[in-house]
Amino acid sequence: MTNKASLKSIAAYIPEQILSNKDLEKLIDTSDEWIQKRTGIKERHIAQDDEKSSDLGTKAAILAVQRANLKPEDIDAIVVASLSPDYFTMPSTACIVASNLGLKNITAFDISAGCAGFIYLLEVARSLIESGAKKNVLIVGAEKTSSVMDYEDRSVCILFGDGAGAAVISKDEGYPILDVHTASDGRYSELLKIDRAKKSSFCSPLAMKMKGNEVFKVAVQMLQNDVVEILAKNKISPDKIDLFIPHQANLRIIKAVQERLNFSDDKCVLTVQKYGNTSAASIPMAMNEAYEQGRLKQGDLILLDAFGGGFVWGSALLYFGGKNFS
Ligand code: COA
């Protein structure tokens, strides 16, 4: 029997500035009513011009380390997931977060798994712990999605927001990560991507592009199948789940999965209304909100799922190993 890994803490950082649907009405041809009806989103938070993904991630990371009752020097690997990293390919955002925490000589690297970033982070972190390679792995989903957004493209910019979430994964002491499933299908890579922006005048040279309704259909199908499969594989019936904490992309996608599993609203964490889609940060931000509200407690059995550009998707089943919020 291998050593199991456990999620020992959760934390988030949300930038102050709010961009509401009403604000977007002034920028593009859209309406609060249209956005809410199609997505459930009312507003999202946007980082300052001089704030980078690493700055958001560092704030969440510091809190996650504190909540795990550790010091930064106890961390021996940092892995960041971001579709909006500080730099294009290098240096990694993880190296910058490590440096911000005062850490040198530490394993630090980024992964690219779009909006499924946090599930992929869990897969990597639990492998590092269960193999015995590392003792305390800090995982961070950090997103300044506004830096890769074309605010003239109404089909995409209404969906996304900025934020960060972080967690510490260590050896289990009674509340293990039971299973993580990750998957991909690159045949869909053209449907959701970050590519060169159309206009050279646009502030970012890169912009997210998406065929929204095609993404929607595949996302619902993949996510519904994935959660059913991970529960069946682990012989856990949906009524045993204390909290379902899905990636917060779109209220209608979440509701479709929620209905398939017959989860009541009190079992489902929803933050998409306030934050929009914060990609790799969305699950840890939602988990953190449930934690700070006292809805997520030590020992709770939680189900996570996520879907993103690639396509990539996945799910996780775990007992929450953090101490209760005080
Ligand atoms: N405001 C008003 N109208 C808009 C609009 C906006 N922000 N964005 C698109 N429209 C218009 C379109 O131009 C189109 O108009 P037309 O019929 O005159 O051509 C109409 O609304 C319908 O567009 P469509 O793209 O078919 O809408 P939709 O019902 O599929 O909703 C999304 C669009 C993006 C909300 C929806 O497809 C979605 O949520 N997809 C999943 C996206 C997602 O979650 N991606 C991330 C996965 S991690």
Side-chain angles (χ1 to χ4, degrees), residues 19-44 81-84 111-121 141 143 145-146 148-163 165 182-195 207-227 245-258 270-286 304-315:
L19 180 67
S20 68
N21 292 349
K22 289 277 175 201
D23 295 329
L24 283 170
E25 283 179 0
K26 293 177 203 142
L27 291 175
I28 44 171
D29 180 14
T30 191
S31 70
D32 176 39
E33 191 196 354
W34 192 96
I35 299 172
Q36 285 206 49
K37 194 166 162 223
R38 307 277 172 135
T39 71
I41 300 167
K42 293 182 183 156
E43 58 190 32
R44 68 287 295 139
S82 182
L83 58 71
S84 49
I111 61 163
S112 168
C115 295
F118 193 72
I119 304 289
Y120 272 71
L121 285 174
E143 299 283 12
T145 65
S146 57
V148 289
M149 222 31 73
D150 176 352
Y151 283 99
E152 289 175 5
D153 181 355
R154 67 177 184 170
S155 68
V156 183
C157 73
I158 56 150
L159 298 169
F160 287 84
D162 299 342
T182 51
S184 69
D185 189 339
R187 288 175 301 170
Y188 296 103
S189 56
E190 289 300 310
L191 296 185
L192 176 54
K193 61 184 180 182
I194 294 177
D195 206 351
M208 192 181 301
K209 295 169 188 173
M210 180 175 63
K211 295 204 167 71
N213 46 22
E214 292 178 54
V215 174
F216 186 92
K217 282 183 229 148
V218 186
V220 169
Q221 189 83 55
M222 302 282 196
L223 286 171
Q224 285 185 334
N225 293 344
D226 207 62
V227 289
I245 311 180
H247 167 50
Q248 308 284 317
N250 180 312
L251 192 59
R252 291 188 297 147
I253 296 178
I254 296 171
K255 287 282 169 199
V257 180
Q258 193 185 336
L270 284 179
T271 56
V272 67
Q273 308 91 315
K274 295 193 289 183
Y275 307 133
N277 182 347
T278 57
S279 191
S282 95
I283 288 179
M285 283 169 64
L304 315 177
D305 78 15
F307 181 90
F311 287 156
V312 282
W313 65 95
S315 52

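In listed order, ligands and their atoms are each counted from 1.
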Would you confirm whether [X], through its side chain, and [Y], through its main-chain N or O, come within 3.5 Å as a donor-acceptor pair?
{"X": "R252", "Y": "R38", "value": "yes"}
{"X": "D226", "Y": "L223", "value": "no"}
{"X": "Y120", "Y": "A183", "value": "yes"}
{"X": "R44", "Y": "I158", "value": "yes"}

To the nearest 0.5 Å, tell me how far [X] [atom1] sits from [Y] [atom2].
{"X": "L27", "Y": "R154", "atom1": "CG", "atom2": "CZ", "answer": "13.5 Å"}
{"X": "F160", "Y": "S146", "atom1": "CZ", "atom2": "OG", "answer": "12.0 Å"}
{"X": "K217", "Y": "K211", "atom1": "NZ", "atom2": "NZ", "answer": "12.5 Å"}
{"X": "I35", "Y": "I41", "atom1": "CD1", "atom2": "CD1", "answer": "8.0 Å"}
{"X": "N21", "Y": "K42", "atom1": "CG", "atom2": "NZ", "answer": "9.5 Å"}
{"X": "S279", "Y": "M285", "atom1": "OG", "atom2": "CE", "answer": "11.0 Å"}

Which atoms from ligand 1 have a heavy atom of [X] less than 4.0 Å away?
{"X": "H247", "value": "48 (S)"}
{"X": "C115", "value": "48 (S)"}
{"X": "I158", "value": "7 (N)"}
{"X": "N277", "value": "46 (C), 48 (S)"}

Looking only at protein heavy atoms, which one is nearest to [atom], and what is the separation?
{"atom": "atom 41 (C) of ligand 1", "value": "G212 O, 3.6 Å"}
{"atom": "atom 48 (S) of ligand 1", "value": "F307 O, 3.1 Å"}
{"atom": "atom 34 (C) of ligand 1", "value": "S155 O, 3.9 Å"}
{"atom": "atom 44 (O) of ligand 1", "value": "A249 CB, 3.6 Å"}
{"atom": "atom 13 (O) of ligand 1", "value": "R154 NH2, 2.9 Å"}
{"atom": "atom 1 (N) of ligand 1", "value": "T30 OG1, 2.7 Å"}
{"atom": "atom 36 (C) of ligand 1", "value": "R252 NH2, 4.1 Å"}
{"atom": "atom 8 (N) of ligand 1", "value": "W34 CH2, 3.4 Å"}

Exercise check, heavy-atom protein proximity under 4.0 Å to [atom]:
{"atom": "atom 16 (P) of ligand 1", "result": "no"}
{"atom": "atom 5 (C) of ligand 1", "result": "yes"}
{"atom": "atom 46 (C) of ligand 1", "result": "yes"}

* So among H247, E143, Q248, which one has a side chain to side chain donor-acceptor pair (under 3.5 Å) with S282? -> H247
Can you tell which part of [X] has a heavy atom less than 4.0 Å from ligand 1: side chain, backbone, both or neither?
{"X": "N213", "value": "both"}
{"X": "I28", "value": "neither"}
{"X": "N250", "value": "side chain"}

* Asked: Would you say ligand 1 has an N or O under 3.5 Å from any N or O of L192?
  -> no
* Asked: Are any of the N or O atoms of T39 closer than 3.5 Å to those of ligand 1?
  -> no
* **Heavy-atom nearest option to atom 27 (O) of ligand 1, drawn from M210, R38, E25** => R38
* Check the pair I119 / L304 against side chain to side chain contact (heavy atoms under 4.5 Å, CB included), numbers first and verdict last. => CA-CA 8 Å; I119 304 289; L304 315 177; 3.8 Å; yes
* Does A219 have a non-hydrogen atom less than 4.0 Å from ligand 1? -> no
* Asked: Hey, is K211 one of the residues with a heavy atom under 4.0 angstrom from ligand 1?
  -> no
* Heavy atoms from other residues, nucleotides or ligands near CD of Q36 exceed 12 (cutoff 6.0 Å) -> yes
* Are K193 and E190 close enough for a salt bridge, meaning some N to O gap below 4.0 Å? -> yes
